[in-house]
Visitor: 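Handing you this structure, nothing more for now.
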Amino acid sequence: MQFDFSALIGGLLDWVIGALFWIWGFLTWPFLWEGPFDIFAWFGGLLDWILGALLWIWWIIKWWIIWILDILNGTWALVMIPENFMFLFRAIVFPGLIFVLLALIFTVWYTRKIWARLQDRRGPMHMGKYGGLQLFADAIKLMSKEIIIPDKAKRWMYRILPSLLLVIVMLPFAFIPWDPYWNILGSPTSPFPDLSVSLVLVFAILTAVPVLSLLIGWVSGSKYSLIGGFRAANNQFAAEIPMVISSVGPAMLAGSLSLYSIVLAQTNIWYIVLLPINFITFFVAAIASVGTFPFDAPVADSEIIFGWRTELSGIYFTVVYFAEFAEQMLYSALMVTLFLGGFNGLPFLAGIANFVIKWLVVFFLFIVVTSSFYRLRQDQVVNLCWKYLLPLSILNVVLVMFALVYIPGLVPLVIGG
Amino acid sequence: MSPDILDESSVIWFGPQHVSAHGWAAKLTIVGDYIVECDPNAGYFHRSAEKCLEFRNFRQGSMILERICMMEAFLAEYPYIAAVEKIVDLEIPERAKIMRTIMMEFNRIHSLQFWWGQFAGELGLFVMLLWPWVDREYSLDAFEELTGSRHTVSYATPGGVKYDFTPKFLAKMEKALTRVKDRMPVFEDMLSGSPTFRLRTEGVAHYTAKQALKWGLSGPNIKACGIPMDLRKDDPDPNLAYDMIDWEVPVINNEEHPGESDAFDRLLQRFKEIETSLDIIDKLLPLLPEGPIIDPKARSKANRLPEGEGYGRVEGTRGITTVWLKTMEKAQTPWRAKIRGPCFASYYALKHIVPGARFADFPAIFGSLDPYPGWWDR
């Protein structure tokens with residue numbers, strides 16, 4: 001049922017005219033009516049008018065309900081088309097949102113446990129088996145906390161930016177080829193094949209992260225946050241350029257910018273064997289880009305309390321905390337994709353199992369590195385990124401270029417079967 | 001510093017609610033990433049310890065001192081005991097002297113272990129924050145075995161010490177010290193051997209011996225400049241056992257900049273302090289004679305003191321710690337007590353050291369000077 005605008009206006013006009021007539025009658029009764037004022041007759045007119053208004057409102061509600069049901073019907077019809085259903089299932093359940101969220105929860109537990117082991121502690125122990133439920137407890141605690149927004153904060157921005165950060169960090173997971181079949185955008189037979197530029201797109205989406213860190217620091221209305229925000233932006237701009245250039249090597253070997261094709265090209269040999277230095281530059285730049293130890297000058301607790309996250313409280317802090325871990329997970333997944341052969345591996349395991357095993361190994365490396373060095377000063381971080389990582393990664397691109405041209409037999413090896 | 005630079009400056013309070021400033025507040029004026037002015041503020045930790053001392057008798061007073069600096073509790077309480085022993089004539093048994101000295105050095109090791117962790121934590125390595133603190137637990141266990149208290153040991157009393165060494169305590173102390181010795185190479189790797197640590201500390205918080213003397217720094221902060229200024233050697237307390245053995249004052253003299261020190265030198269200096277303390281304990285333990293641990297008349301003698309002035313001082317972990325007492329005739333409590341902590345000087349030295357440093361170096365600077373707010377606020 002289509003919405004009939006003229007019918008709506010017509011009803012409105014009827015009602016207005018009726019009301020006007022009634023008012024006219026009320027105003028003119030001393031002159032027109034015979035005898036004394038009849039209050040019952042007057043109330044009768046009022047009731048008619050209220051009933052008319054109610055009927056008109058009911059008509060609007062009825063039209064609205066029918067409209068929503070129509071939309072739901074149409075959506076359901078679209079969803080029940082098999083390709084669409086499979087896509088939605090992948091995007092939402094596996095390996096999409098819910099899988100990534102569960103992996104995130106596991107990752108936080110994993111990180112905390114390994115950190116604790118390295119620090120001669122035990123880590124979370126009491127909630128659930130081996131502290132497995134600790135993160136749920138933490139999340140409930142953080143969500144039930146009072147949200148304190150500083151007076152000088154820009155309230156609207158303060159409320160919206162942390163969620164936006166999490167959304168932007170979660171988006172690139174759509175392009176990760178988890179499995180030959182079970183991925184969101186990727187399997188060539190599905191109606192939603194991988195984009196031919198998904199590698200570039202991942203980095204394009206991630207460029208918004210430093211802007212958001214800076215903005216969160218800025219709108220918090222605190223000097224510590226502002227300094228932290230600028231440091232975060234500085235840090236990530238310095239680190240993302242070597243990281244992007246380090247990812248050029250695998251793309252050139254595979255001859256494609258699609259992450260799925262890069263993984264398919266690694267059936268013969270994993271690129272970490274050919275490009276170990278490239279892997280290291282990507283790894284260091286990834287840690288610097290996340291802004292965790294030892295590149296955590298943006299959130300250095302002994303200098304600027306908690307950097308750009310200082311003024312975040314309750315759910316906003318939780319969201320930003322998750323975003324940091326999601327970013328680490330994303331970079332680990334990218335490293336598995338670009339250098340460690342993605343879902344290629346043990347043939348008797350499912351592709352996703354191969355992927356997750358490698359992912360955990362890379363994440364373990366992440367954690368070990370992040371807990372072995374002292375915090376670098378901001379100028380030292382930038383110095384490292386621009387003076388060492390960037391020339392190394394560019395050199396590597398040049399080497400790959402010459403190798404592809406001059407080494408016979410390299411191309412069939414790296415193109416994959 | 002031209003005035004137009006200061007137009008772009010902003011003021012940041014480092015404390016008193018700052019997570020890294022536990023009980024103090026420095027007002028920093030910042031231009032860009034550089035600190036141009038540092039204004040240390042005292043008074044956030046004041047608990048009128050000097051006044052409290054006037055209401056405690058001479059066996060209780062030392063317990064107020066302990067609570068000023070928990071990390072070096074025994075070193076903090078001892079100057080009071082020494083001051084009391086100057087006023088009243090007490091005979092300290094040989095055994096008690098050696099036991100006091102051993103306990104003093106043991107406490108110094110414990111305090112430096114704490115400092116390692118704190119300094120590394122301020123520089124952002126949480127692993128190194130917790131590793132020394134795990135080792136510290138062994139020292140605390142030993143303290144608990146001896147005195148029943150983990151931090152505030154209250155071990156010395158006018159005339160001797162309160163508790164005798166038991167075999168169990170000796171075993172626990174042996175365990176703790178062995179652990180320290182075993183882990184020293186690991187910590188040297190993790191601190192002075194770490195490239196990122198050198199990046200953060202070398203050339204940071206640089207001052208000369210002359211400046212240090214002018215500011216009144218003492219302890220490791222001045223010994224790191226190459227000046228062997230150590231009360232244990234210069235003015236050995238007759239009631240301690242430092243003159244019974246042969247030992248070297250720990251001094252770092254950096255060949256690259258002799259007579260000066262930076263944060264890295266002060267780390268090396270504190271490593272050396274631990275080595276010296278271990279050495280002193282090793283040499284003193286065999287000398288431990290049998291006998292009483294306290295002057296038998298100590299209780300009656302320390303109950304009421306004659307009129308007089310006493311001045312006790314000791315080389316603490318952070319520098320020279322002194323207590324001055326003035327008593328009237330038949331005094332049960334001091335008429336006036338004055339405490340001179342080692343950290344007031346090192347805290348206000350920030351005013352001269354910090355300007356010109358990067359903001360991110362501020363934790364490295366104050367961490368290397370090791371100021372403890374209890375000492376300047378009392």
Side-chain angles (χ1 to χ4, degrees), chain A residues 111-112 114-123 148 150 221-228 230-232 234-235 284 287-288 291-307 309-311 367-384 387-388, chain B residues 9-15 17-22 28-30 32-35 117-137 183 186 189-201 204 263 267 357-367:
Chain A
T111 312
R112 287 179 63 172
I114 294 172
W115 265 346
R117 279 293 158 206
L118 289 169
Q119 289 164 2
D120 225 337
R121 295 187 285 129
R122 291 185 183 174
I148 302 164
S222 152
K223 281 177 189 169
Y224 303 112
S225 304
L226 184 63
I227 293 175
F230 276 109
R231 282 186 185 185
N234 189 353
N235 209 339
V284 176
I287 297 173
T292 176
F293 315 98
F295 302 100
D296 63 333
V299 290
D301 55 347
S302 59
E303 298 152 26
I304 43 176
I305 303 183
F306 210 37
R309 298 177 201 156
T310 304
E311 301 293 347
I367 299 164
V368 171
V369 171
T370 53
S371 53
S372 320
F373 294 103
Y374 292 86
R375 177 187 303 125
L376 290 172
R377 233 160 42 198
Q378 188 57 42
D379 56 317
Q380 289 163 346
V381 174
V382 178
N383 198 30
L384 174 79
K387 276 194 183 164
Y388 298 96
Chain B
S9 68
S10 62
V11 171
I12 281 192
W13 276 89
F14 202 92
Q17 277 102 5
H18 195 291
V19 283
S20 196
H22 15 79
L28 306 175
T29 311
I30 287 181
D33 198 21
Y34 291 91
I35 303 173
Q118 194 193 353
F119 189 36
E122 270 153 13
L123 290 179
L125 184 55
F126 214 70
V127 170
M128 247 321 273
L129 172 77
L130 289 171
W131 282 7
W133 288 12
V134 171
D135 296 359
R136 203 178 127 242
E137 290 296 311
R183 301 263 280 185
V186 179
D189 264 8
M190 291 290 284
L191 286 158
S192 54
S194 165
T196 43
F197 186 83
R198 294 183 88 105
L199 271 177
R200 285 303 303 279
T201 51
V204 169
L267 175 90
R358 283 178 181 272
F359 182 41
D361 280 336
F362 190 62
I365 294 171
F366 73 73

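Predicted model, so just to flag it, every value in this text is computed and none were measured.
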Visitor: Are A:Gln380 and B:Arg200 side-chain neighbours, meaning at least one heavy-atom pair lies under 4.5 Å?
Guide: yes
Visitor: So what's closer than 4.5 Å to chain A heavy atoms on B:Phe362: side chain, backbone, both or neither?
Guide: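 Neither the backbone nor the side chain of B:Phe362 comes within 4.5 Å of chain A.
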Visitor: If I take atom CH2 from residue B:Trp131 and atom CG from residue A:Leu118, how far apart are they, to the nearest 0.5 angstrom?
Guide: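 Answer for the CH2-CG pair, B:Trp131 versus A:Leu118, is 7.5 Å.
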Visitor: Between A:Arg377 and B:Ala360, which heavy-atom pair has the shortest distance, and what is it?
Guide: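 Answer, listing the atom of A:Arg377 first, then B:Ala360: CG-CB, 3.3 Å.
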Visitor: Nearest 0.5 Å, please: how far is CD1 in A:Ile227 from OG in B:Ser10?
Guide: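 So the gap between those two atoms works out to 6.0 Å.
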Visitor: Specify which of B:Leu129, B:Val19, B:Ile30 makes the most heavy-atom pairs with chain A at under 4.5 Å.
Guide: B:Val19
Visitor: In terms of heavy-atom contacts, does CZ of A:Arg122 have more than 12 from other residues, nucleotides or ligands at under 6.0 Å?
Guide: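 For A:Arg122, atom CZ is not crowded (no more than 12 foreign heavy atoms under 6.0 Å).
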Visitor: Given a strict heavy-atom distance threshold of 4.5 Å, which part of A:Tyr224 is in contact with chain B: side chain, backbone, both, or neither?
Guide: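 For A:Tyr224, the side chain is the part near chain B, not the backbone.
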Visitor: From A:Trp115 CH2 over to B:Leu130 CG, what is the distance, rounded to the nearest 0.5 angstrom?
Guide: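 Rounded to the nearest 0.5 Å, the CH2-CG separation comes out at 12.5 Å.
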Visitor: Side chains of B:Phe359 and A:Ile304, heavy atoms from C-beta outward: is any pair under 4.5 Å?
Guide: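 Result yes, sub-4.5 Å side-chain heavy-atom pair found.
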Visitor: Taking all non-hydrogen atoms of both residues into account, name the closest pair between A:Ser302 and B:Pro363 and its distance.
Guide: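 Shortest heavy-atom separation between A:Ser302 and B:Pro363 comes out as O-CG, 3.4 Å.
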Visitor: Side-chain polar contacts of residues 118-128 of chain B - donor-acceptor pairs under 3.5 angstrom, sequence neighbours left out - could you list them?
Guide:
from: B:Gln118; atom 1: NE2; to: B:His22; atom 2: NE2; distance (Å): 3.3

Visitor: Side chain, backbone, both or neither: which part of A:Phe293 has a heavy atom under 4.5 Å from chain B?
Guide: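 Contact with chain B: side chain only.
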Visitor: Determine the minimum heavy-atom distance between B:His18 and A:Asp301, stating which atoms define it.
Guide: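 Taking B:His18 first and A:Asp301 second, the nearest heavy atoms are CE1-O, 3.6 Å.
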Visitor: Between B:Ile12 and A:Glu303, is there a side-chain heavy-atom distance shorter than 4.5 Å?
Guide: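 No. Closest side-chain heavy atoms not under 4.5 Å.
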Visitor: Which answer fits A:Thr370, side chain, backbone, both or neither, if we ask what part of it has an atom under 4.5 Å from a heavy atom of chain B?
Guide: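 For A:Thr370, there is no contact with chain B at all, as no heavy atom is under 4.5 Å.
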Visitor: Going by side chain to side chain donor-acceptor pair (under 3.5 Å), name the residues that satisfy it together with A:Arg112, two or more places apart in sequence or in a different chain.
Guide: A:Asp138
Visitor: Measuring heavy-atom distances to chain A, does B:Leu28 have an atom under 4.5 Å in its side chain, in its backbone, in both, or in neither?
Guide: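 Contact with chain A is absent: no heavy atom of B:Leu28 under 4.5 Å.
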